[in-house]
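Note sheet for the following structure.
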Amino acid sequence: MDNFFAQLPQQIINGLTLGAVYALIALGYSMVYGILQLLNFAHGDVFMIGAFIGFGIMSAMLSTSAPSVIIIALMIVAAMIGCGVLGVVIERFAYRPLRNAPRIAPLISALGVSFFLQNVIQLTLSARFRTYQTAQLIPGSIGVDLGTARLSGVRALVIIVAFLLMFLLQYLVRRSKLGRAMRAVATDKDAAAMMGVDVDRVIMATFFVGSALAGAAGVLNGLVFFRIWHFMGFNAGLKGFTAAVVGGIGNVPGAMFGGFFLGFAETFAVGFLSPTFKDVIAFVVLIAVLLIRPRGLLGARLVQKV
Amino acid sequence: MLKARSLLILFALAALIFTSVGVSAQDVPEGEVSLAVLGPFTGPVASIGEEILNWSQLAVDDFNERTGWNVTIVEGDTELDPAKGVLAAEAVIANENVFGATGPAGSQVVAATAAMFEAANLVHVSASATDPSLTQDGTTTFFRVVPTDAVQGPTDANFLANDLGVTRLFIIDDQSTYSVGLSDQVEAAFPGEIVGRESITQDDSDFSALVTRIRNEDVEAIFFPGQIASQGAVLAQQLAEQGVDVIFMGADGFFSPEDFVEGAGGATEGAYVSFFAPDIHNLESSADVVARYTDRFGDFGAFGPPAYAAATVVLEAMERAFEANGELTREGVLAEVANTNQETTILGIPLSFDENGDVAGGGFSIFQIQDGEFVFVTSVNIGSDEE
Amino acid sequence: MTEQRIGTDEWVEQHEARLATQSELRELVYGFGEQLPLWGRLGLLLLIGLFVPVLTSNPFHIRIAATIALMATLGVGLNVVVGYAGLLDLGFVAFYGIGAYAYAYLSSDFTGVHLPTLLTIPLITVLGAVVGFLLGLPSLRLVGDYLAIVTLAFGQIFVQLMTSLTRVDLSWVPFLTTDGPVNLTRGPNGIIELDSISIFGFVADTLTENYIIRLVVLILVLLFVHHLNNSRLGRAWRAMREDELAAEAMGMPTRLLKLQAFAIGAAIAALAGTLFAAEQKAVFPANFDVTLLITLYGVVVLGGLGSLPGVLLGAVIMIAVPEILRDIELASLLFYVGSVVALIGLIKPRRLVGLLLLNVAIIGLLVQVIAESIWPDSLAELPSVASVFPEFSVSIRFVTAIIDSLPEIVTSIVRNWLAIPVGNQELIGNIALAILIVLILIASRIKQTTQLLITLVPTMYLLALVWEIRLSGQESVTRLIFVGVVLIVLMIYRPHGLLGTQRIEIV
């Protein structure tokens, strides 16, 4: 028990960081799902591209004397824009032609996009691992000691940026006109179209926002966990998907909650149970949650469309 | 020039039909000669496969330049799945131009494919499969240029216990056959207490929860024989982040200046790595080949140079077999690989095989990272008394 | 279509037009099939299958055929779950793994148990069904994608356990004395040296024997599933898949129906697992990774969900295409032929294709003239076409020799036509690849023929350039890029699969 309390504060910080990254990935999954009922298996690879865009900006800027804040901001913004555009392109060319096809068809085409992105990156940028030089941007000495725990500068940054983005997203979805259109399309595409909502445009916007969040997640992930490579999106996508479903897929607060839930489940599994069986424990918890709440933790009290 | 070319295009087929080229006796084999390289060239550990492939390409180019042959490489992508490895191996075996192979890279793929190579009489020399049992079941076509876990495990355990005086050790493996095998050997041979033995996956980049756990146990050293050097760097950085000050030791996979030293931004300073050869970066005899590699492909880690050595073994065996028999056959190449006796290699150590196909002699060197460089600490030769 | 209907877009119209005109393939296959009785169709399949080892002694080809047979068996099983019952099961591979590991435990020195094959196969098939049933019990409270994630989790847990159950403390088990932790699975090293399949003294040691066994099993499974689909159960599944609520209202036990589909799929997977393990003579956790799941979904979806011939076709495509692409020369040929075929499909009227190709050829030569006059030393010196094939003249009489050297001829002609730069080909290739992707995306949106032709000329040139200086040198990566492209294009071209028609909704 002593051990438990000695570890707890630090493990909370660890879980919060990991959860923040998962939550950002899960959001994109969930938004796309909410609007198209499409499992976008290429989402993890968009995340990977984001990490590479950030890496490229960082490599170019580190030799200049620009202050770290500007470099980091630029990395995140560039990755968000780049990934947003990529998401829109993927939607336009790989998913839109399949909008009225059986639901499993875009799933396969998403897998095709995923293969394509991974291997084109391997071909052009090689398969080697790249390392974010986080220490040069945010020195390890920056940080707060909270008793036995330490909140390093980069972890604080990740958590703050993630929450900021989630807050902005919440605002966008709840308050803006675009958000209202998104919710309308998610509820009933045909009805929204009849009410004058440009469905295609709204779907594009959704892909842009969701992919941009994945891009930001890619940069934050690189900053805090350092290494990036062409295949990183596969696992990240799996985790993002899991998080989105735990929270109740299609549901924005649910995805955030699911991300943190998964982050904490993994962290506590490592800290207090067995690191070796981390994934097993996380998945068992997931199954248990879904058996108790079949529509996820914050799942909508969905009316089944007949 | 242009005219000649366009004519060629327009009349290519016609030209082909009417051209007749006499075949003269040559000192290079007739027809295409290929070296097959098997490894994980795509998927999660493609970084390893890519390095193997690049170094093999360099070996083939060097060989072609020296001998005037025109050997080409045939890729056999195993994707790290033994079932895919079987298909890749079958494709390579079915290719009549292939007279020798290097790889497969992973021990489990070697286990799944060895019987096929055996049946086809095709020699395959692995540069990274270290499971001791692979050479014990009487196969005649499998060779490896690296010593096995059975040798390295006790060496590392002894070094940790006797030279560094570690009594409480935490072992982490990355679920690859290599890592699990070596960890098992160290666990068995380590005289002190094993505080923990855990696995992570090669996809993991967040070890902070594990670090927190380790911090709260009284651990003196961590032994993490991973395959992926950047993972070692990440673990070291996360240990530093939480202020955990323990001895950190890795194995061959981490012998990578780019990923393990530069990539860690100083966090791996003081860490130990055991490697089966001297440091190729500082070998005068290998300076030329290292420079050429770096110019062409960039930095490299631990998997490439042994792949170069393995490719060279097979290529030189081809050359000897052709000289001796006047023709190239798989049997001939196989026989000559067994006769390999190189006084030195790119790795800076002599290379010959024992009757099982294991590398004869050899040993392990232990390095420590000091001021961002791998600095030689000690070495243990096989068969010598460690005391 | 004269008027735009509400809720549809141009694509629906195009799609309906396509359905009306482009089902030749389906009609060909089904039309032909209907002329034969069931036993005739299956007998024909067996005959074709048996012909493979007669036709070729190349073990690689036989192994491809054997892999296709195995994947088709798995695909038929998955088709029951996804295609017939409409359940998105992402844990299917785990049942395959359970079958394989069960075989390993029942027929190896690892446990010391060596049961006869005639006992293990039925035993494992039943075990698969039971595990499928038990797993289905809780999972089927969930619908749609929640079911998908739970089954996916199950699949991941299986692989992880097989990797990590290497030091299990079994001291708590009564009547079992162990010293120390027990290695249950040998982790990533897998369980090796399994027994071969042996039936009445016939031991399937060789690849060909194993292939024939797989073929026979595939045909039996097809027979079983075909009858199943035409039975009451099959009709009930279809009803449930089309409208679960209505089915339930009609008094159908939907939960039981789902469980039955789950269990039957799992049993077939477990059966396939035994065949796999017996041939590989080993099992490794890496055999049962998510990549296999992706391949299997490709198998059932590309061919057409719910269609049994579709599964066979899907298995051929998903297995044979990547394997053929291993041979880079053959891949080159396929690449160029495929590009031209794509043009023929894309451009109407078709005579314009000839015009386009002529233009591309001329542009290529122009580029050479310009490049050579501006940078005289920047082009790679290439061997003449004739010198590439000294042996060709000797064997010209034989048609097979022509076919054999066709890839080299095509490559050589293209390489002489292209202006291939010396220097950093990698960088130039990467840039060209990026431009090429953009051009292809643009071209795919253009409707007007003239604009399309104008865009396609540089596209085709870049296509050849990128292939020659970048893709063909990286065969393993290129292979997977192509698998990705094939998946996207096939899905867009035939969203219902090549041989599928029914609309399968997974709710």
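Here is the naming used below: chain letters follow the sequence lines, and residue numbers restart at 1 for every chain. These numbers come from a predicted model, not from an experiment.
For A:Val89, the part lying under 4.5 angstrom from a heavy atom of chain C is the side chain only. Looking at A:Leu39, only its side chain comes within 4.5 Å of chain C, counting heavy atoms on both sides. A:Leu290 touches chain C through backbone and side chain together, each having a heavy atom under 4.5 Å away. Proximity to chain C is absent for every atom of A:Ile281, based on heavy atoms less than 4.5 angstrom apart. The part of A:Phe234 that comes within reach of chain C is its side chain, from C-beta onward, which places non-hydrogen atoms under 4.5 angstrom from that chain. Of the two parts of C:Ser164, the backbone and the side chain both hold a non-hydrogen atom closer than 4.5 Å to a non-hydrogen atom of chain A.
How far CG of A:Asn119 is from CZ of C:Arg479: 10.0 Å, rounded to the nearest 0.5 Å. Note that CD1 of C:Ile488 is 8.5 Å distant from OH of A:Tyr95, once rounded to the nearest 0.5 Å. To the nearest 0.5 Å, atoms CZ (A:Arg103) and CG (C:Leu88) are separated by 7.5 Å. Expressed to the nearest 0.5 Å, how far CG of C:Leu305 lies from CD1 of A:Ile108 amounts to 8.5 Å. One finds the CG atom of A:Leu111 at 11.5 Å from the OG1 atom of C:Thr291 (value rounded to the nearest 0.5 Å). Taking CD of A:Gln122 as the reference point, atom CD of C:Gln474 lies at 7.5 Å (rounded to 0.5 Å).
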So A:Leu238 and C:Leu152, side-chain contact (heavy atoms from CB on, under 4.5 Å) or not? Walk me through it. CA-CA 9 Å; A:Leu238 221 58; C:Leu152 181 69; 3.8 Å; yes
Does the pair C:Ile440 and A:Phe93 meet the rule for a side-chain contact (heavy atoms from CB on, under 4.5 Å), with working shown? CA-CA 11 Å; C:Ile440 290 180; A:Phe93 291 98; over 6 Å; no
What do the steps show when you test C:Tyr297 against A:Ile104 for side-chain contact (heavy atoms from CB on, under 4.5 Å), and what is the final call? CA-CA 9 Å; C:Tyr297 266 85; A:Ile104 199 134; 3.8 Å; yes
Could you go through C:Gln160 and A:Lys278, starting from their C-alpha distance and side-chain angles, then the distance that decides it, and tell me whether this counts as side-chain contact (heavy atoms from CB on, under 4.5 Å)? CA-CA 9 Å; C:Gln160 188 61 49; A:Lys278 172 188 82 175; over 6 Å; no
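At least one side-chain heavy atom of A:Phe277 sits less than 4.5 Å from a side-chain heavy atom of C:Leu165.
Scanning both residues, C:Ala153 and A:Phe283, for their nearest heavy atoms gives CB-CD2, 3.4 Å. Nearest heavy-atom pair across A:Val120 and C:Ile481 is CG2-CD1, 3.9 Å.
With C:Met491 as the fixed residue, the side chain to side chain contact (heavy atoms under 4.5 Å, CB included) test singles out one of A:Pro106, A:Ser109, A:Pro97, A:Pro102: A:Ser109.
Ranked by non-hydrogen atom pairs under 4.5 Å with chain A, the options C:Leu490, C:Leu480, C:Val159, C:Leu487 are led by C:Leu480. Heavy-atom pairs under 4.5 Å with chain A peak, among C:Leu441, C:Val301, C:Val485, C:Ile437, at C:Leu441.
For C:Tyr146 (side chain) and A:Ile249 (main-chain N/O), a donor-acceptor pair under 3.5 Å exists by modelled atom type. Using a distance-only test at 3.5 Å, with no hydrogens or angles considered, a donor-acceptor pair links the side chain of C:Arg470 to the main chain of A:Leu123.
Here C:Arg255 pairs with C:Leu137, C:Arg141 under the side chain to side chain contact (heavy atoms under 4.5 Å, CB included) rule; sequence neighbours left out.
By the neighbour-count criterion of 12 heavy atoms within 6.0 Å, atom CD of C:Glu248 is densely surrounded, having more than that number from other residues, nucleotides or ligands.
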